[in-house]
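To start, the structure itself, in structure tokens.
As the structure lists them, so they are numbered: ligands from 1, and atoms in each ligand from 1.
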Amino acid sequence: MLFAHDTECGLVAAAGLVNTAGLDREEGLPDVAALDEFVAVHGWTGRHEHTDAELRQVHALRPRLRRIWYADTHEVVAIVNGLLRESHALPQLIQHDDEPYHLHAVPRDAPLATRMAVEAAMALADLVRMDELSRLRICDHPDCDNVLVDLSKNRCRRFCDAGCGNRAAVSAYRARKAASHS
Ligand SMILES: [Zn+2]
Ligand SMILES: [Zn+2]
């Protein structure tokens, strides 16, 4: 493990959330049911209202988080500090649901979007401190703008989880084949 467990989970969840809103893609969180599923997949516990208002707050967070993938260190710091300040973050070690001690910086009954923002900000604060922002990348596939977090040991990850690695391999294969026939 490169980072603390909660840091890695926070980064993966933040990337997953950003990728529910692509530039040319279908809305990944079209309704409350889709948000319920996202929350379950990423193991979010605590307050969850299942309302349109909550969904809108989560939607509003996405462009702010996406910005982080394109920003330089100073801008990342400004965004992270802004998110922590706005949410009145106060880091506390807690234990719940069989998880070992980890950091929460807002209470578990804070709104879902606030907790998502703060968890992402705390994880990103770790990346900044470890000088590892280069692990935040955009998918290498030309038709994809998904963000990714490279948690591999040798920093070799190039594609997002949406099958772009396979797509790229297939196109490369076809290109080779076409070249050999010409
Ligand atoms: Zn927790
Ligand atoms: Zn991709």
task: Using a 4.5 Å cut-off on heavy atoms from C-beta on, say whether the side chain of Asn19 contacts that of Arg66.
output: yes
What I want to find out is whether [X] reaches [Y] closely enough, with some N-O distance under 4.0 Å, to be called a salt bridge.
X	Y	value
Glu8	Arg135	no
Glu54	Arg47	no
Arg158	Asp140	yes

- prompt: Is any N, O or S atom of His141 under 2.8 Å away from the Zn ion (ligand 2)?
  reply: no
field: Where the Zn ion (ligand 2) is the vertex, angle from Cys160 SG to Cys164 SG to 10°
entry: 110°
statement: So the angle subtended at the Zn ion (ligand 2) by Cys139 atom SG and Cys144 atom SG, rounded to 10 degrees, is 110°
- prompt: What's the shortest heavy-atom distance between Ile68 and Val76, and which atoms?
  reply: O-CG2, 3.8 Å
- request: Take Asp36 and His48 through the side-chain hydrogen bond (donor to acceptor under 3.5 Å, both in side chains) test and state the conclusion after the steps.
  value: CA-CA 8 Å; Asp36 286 355; His48 179 27; 2.8 Å; yes
task: Under 2.8 Å from the Zn ion (ligand 1), how many protein N/O/S atoms do you get? Just the number, please.
output: 3
field: Over 12 foreign heavy atoms within 6.0 Å of NE2, His50
entry: yes
